[in-house]
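What follows is one structure encoded as structure tokens, with my remarks underneath.
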Amino acid sequence: MIRYAKPTVLDDALGLLAGGSWRILAGATDIYPALGSRPLREDILDINGLAELRGVAETPVHWVIGARTTWADIARHPLPAAFRVLQEAALEVGSRQIQNVATVAGNLCNASPAADGVPALLVLDAEVELRSADGVRRLPVEKFILGNRRTALLPSEMLTAIRVPKRAATGRSAFFKLGARRYLVISIAMAAVRLVAEHGRIVQAAVAVGSCSAVAARLRGVEAALCGLEPGAALAEAVRSAPMDELSPIDDVRATAAYRLEAAREIVARAVLLAAGAGGRRAAA
Ligand SMILES: Cc1cc2nc3c(=O)[nH]c(=O)nc-3n(C[C@H](O)[C@H](O)[C@H](O)COP(=O)(O)OP(=O)(O)OC[C@H]3O[C@@H](n4cnc5c(N)ncnc54)[C@H](O)[C@@H]3O)c2cc1C
């Protein structure tokens with residue numbers, strides 16, 4: 001017989017995790033579809049009773065996104081311009097119905113290569129807060145997601161928050177998703193970009209691409225190529241000739257590896273232009 005628990009106090013939830021093997025359930029928009037026609041066989045720890053984990057808060061040095069914060073919460077929360085990349089990603093996750101229940105944290109923990117939230121959180125230098133009955137540890141998103149559906153989360157831990165350092169919540173940003181159709185679609189590739197300009201030149205660039213490697217990746221060669229340039233058409237040219245060695249796409253039902261590589265370069269260029277305020281088309285299908 002499987003067990004179901006819906007604690008209302010975080011310490012009770014962490015106590016349960018310390019004493020057994022549980023599947024944490026948030027919006028369940030990944031958990032239920034993954035079951036297909038199989039019945040649930042795991043003990044379920046439903047975190048929807050933990051009111052303290054929902055919402056966006058501000059500390060002197062961080063923006064803190066609670067683990068139960070949904071994509072709809074993110075889309076409508078007033079945030080600095082740098083968060084536009086995450087807010088645009090929020091509006092691309094599934095449909096309104098999905099956005100209303102699905103959480104940003106669930107998207108990270110599910111660790112799909114096609115998770116729309118991951119590239120956006122990478123360009124915001126986000127870190128995860130992992131709590132257990134023994135204490136808390138924090139990891140950058142880059143170190144949290146280890147591979148396709150693999151994370152550094154221990155069975156005794158819960159992801160309780162995603163933290164964005166305020167030093168990374170600067171500049172302007174954009175998200176660009178490429179799918180086989182415009183809405184309700186799994187990404188063929190997606191690009192997230194955050195640019196900081198000073199005195200008419202790019203002084204900081206953060207660029208990440210998803211669905212083109214087992215884990216979404218920051219493109220350091222592209223970032224280096226953009227620094228020092230003036231916002232304008234030259235940015236797209238720089239993207240077109242910059243190295244993208246981090247990408248290793250595969251052929252699958254959605255696209256070939258070769259198409260993905262070419263598409264990634266194009267959508268990065270478009271997202272860069274959007275973040276720089278230099279135009280570009282918002283969505284592609
Ligand atoms: C119709 C449909 C369309 C979709 N479209 C998209 C899309 O366009 N883009 C996209 O990226 N995704 C999409 N998804 C996938 C899904 O909606 C997202 O990944 C969503 O953000 C998952 O959040 P959730 O709260 O529903 O996670 P859940 O399904 O509740 O959990 C997902 C995984 O994370 C774990 N988990 C959840 N919360 C925690 C926590 N706090 N601590 C530790 N582990 C935790 C769970 O145990 C589980 O393994 C779609 C899903 C559906 C059904």
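Just so it is clear, the structure is predicted and the values come from calculations on it, not from any experiment. Note that ligands are numbered from 1 as they come in the structure, with each ligand's atoms numbered from 1 the same way.
For the atom pair CG (Leu50) and CG (Leu45), the distance works out to 7.5 Å, reported to the nearest 0.5 Å.
In this structure, Ala276 and Leu235 approach most closely via the heavy-atom pair CB-CD1, 3.5 Å. The minimum heavy-atom distance linking Arg265 with Arg240 is given by the pair NH1-O, 3.1 Å. In this structure, Ser95 and Leu184 approach most closely via the heavy-atom pair N-CD1, 3.7 Å. Residues Asn107 and Gly117 approach most closely at OD1-N, 3.0 Å, considering heavy atoms. Across every non-hydrogen atom of Leu261 and Pro249, the tightest pair is CG-CG, 3.7 Å. The heavy-atom pair separating Val215 from Leu146 by the smallest distance is CG2-C, 4.0 Å.
For atom 31 (O) of ligand 1, the nearest non-hydrogen atom from the set Leu50, Asp46, Ile31 belongs to Ile31. One option in Ile98, Leu17, Leu153 has a heavy atom closer to atom 50 (C) of ligand 1 than any other, and that option is Ile98. For atom 12 (N) of ligand 1, the nearest non-hydrogen atom from the set Val101, Leu25, Asp116, Asn107 comes from Asn107.
For the pairing with Asp125, the side-chain contact (heavy atoms from CB on, under 4.5 Å) check across Arg163, Arg218, Glu142 returns one residue only, Arg218.
Proximity to Pro33 (heavy-atom distance under 4.0 Å) selects the following atoms of ligand 1: 53 (C). Per-residue contacts place Val185 under 4.0 angstrom from the following atoms of ligand 1 (heavy atoms of the residue considered): 8 (O). Of all atoms in ligand 1, listed by their number and element, those nearer than 4.0 Å to a heavy atom of Arg23 are 47 (O), 48 (C), 49 (O). Close approach to Ile47 involves these atoms of ligand 1, each under 4.0 Å from a residue heavy atom: 41 (N). Every atom of ligand 1 is numbered from 1 in the order shown, and the set under 4.0 Å from a heavy atom of Ala67 is 41 (N). Under a 4.0 Å criterion applied to the non-hydrogen atoms of Glu92, ligand 1 contributes the atoms 8 (O). Under a 4.0 Å criterion applied to the non-hydrogen atoms of Lys177, ligand 1 contributes the atoms 7 (C), 8 (O). Short contacts between ligand 1 and Ala115, defined as distances under 4.0 Å to a heavy atom of the residue, involve ligand atoms 11 (O).
For atom 28 (P) of ligand 1, the nearest protein heavy atom (residue, atom name, distance) is Ala28 N, 3.4 Å. Taking atom 15 (C) of ligand 1 as the reference point, the nearest protein heavy-atom neighbour is Asp30 OD1, 3.2 Å. With hydrogens left out, the protein atom closest to atom 36 (N) of ligand 1 is Cys109 CB, 3.7 Å, a heavy atom. Remark: minimum distance from atom 38 (N) of ligand 1 to any protein heavy atom is reached at Ala26 CB, 3.8 Å. Of all protein heavy atoms, the one lying nearest to atom 41 (N) of ligand 1 is Leu159 O, 2.8 Å. For atom 27 (O) of ligand 1, the nearest non-hydrogen atom of the protein is Gly106 CA, 3.6 Å. For atom 6 (C) of ligand 1, the closest heavy atom belonging to the protein is Gly94 N, 3.5 Å. Taking atom 51 (C) of ligand 1 as the reference point, the nearest protein heavy-atom neighbour is Thr29 O, 3.7 Å.
For the pair Ile24 and ligand 1, the shortest N or O to N or O distance falls below 3.5 Å. Between Thr103 and ligand 1, a contact under 3.5 Å exists for at least one N or O pair.
Assignment of Ala114 to the shell around ligand 1 is supported, since a heavy atom sits closer than 4.0 Å. Under the 4.0 angstrom criterion for non-hydrogen atoms, Arg68 is not in contact with ligand 1. At least one heavy atom of Trp71 lies less than 4.0 angstrom from ligand 1. Ligand 1 lies nowhere less than 4.0 angstrom from a heavy atom belonging to Thr160.
For Ser187 and Asp116, the side-chain atoms include at least one donor-acceptor pair closer than 3.5 Å.
Residues Asp43 and Arg23 are not paired through a salt bridge, judged by the lack of any N-O separation under 4.0 Å between the basic side chain and the carboxylate. Here Arg260 does not pair with Glu262 in a salt bridge; the nearest charged N to carboxylate O distance is not below 4.0 Å. A salt bridge links Arg182 to Glu92: one of the charged nitrogens lies within less than 4.0 Å of a carboxylate oxygen. Note on Arg137 versus Glu157: salt bridge recorded, some NZ/NE/NH1/NH2 to OD/OE distance being below 4.0 Å. A salt bridge is defined here as a Lys NZ or Arg NE, NH1 or NH2 lying under 4.0 Å from an Asp or Glu carboxylate O, and Lys166 with Glu58 meets this definition.
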Practice item. Step by step, work out the side-chain contact (heavy atoms from CB on, under 4.5 Å) result for Ile145 and Leu108. Key: CA-CA 8 Å; Ile145 303 183; Leu108 279 185; 3.9 Å; yes

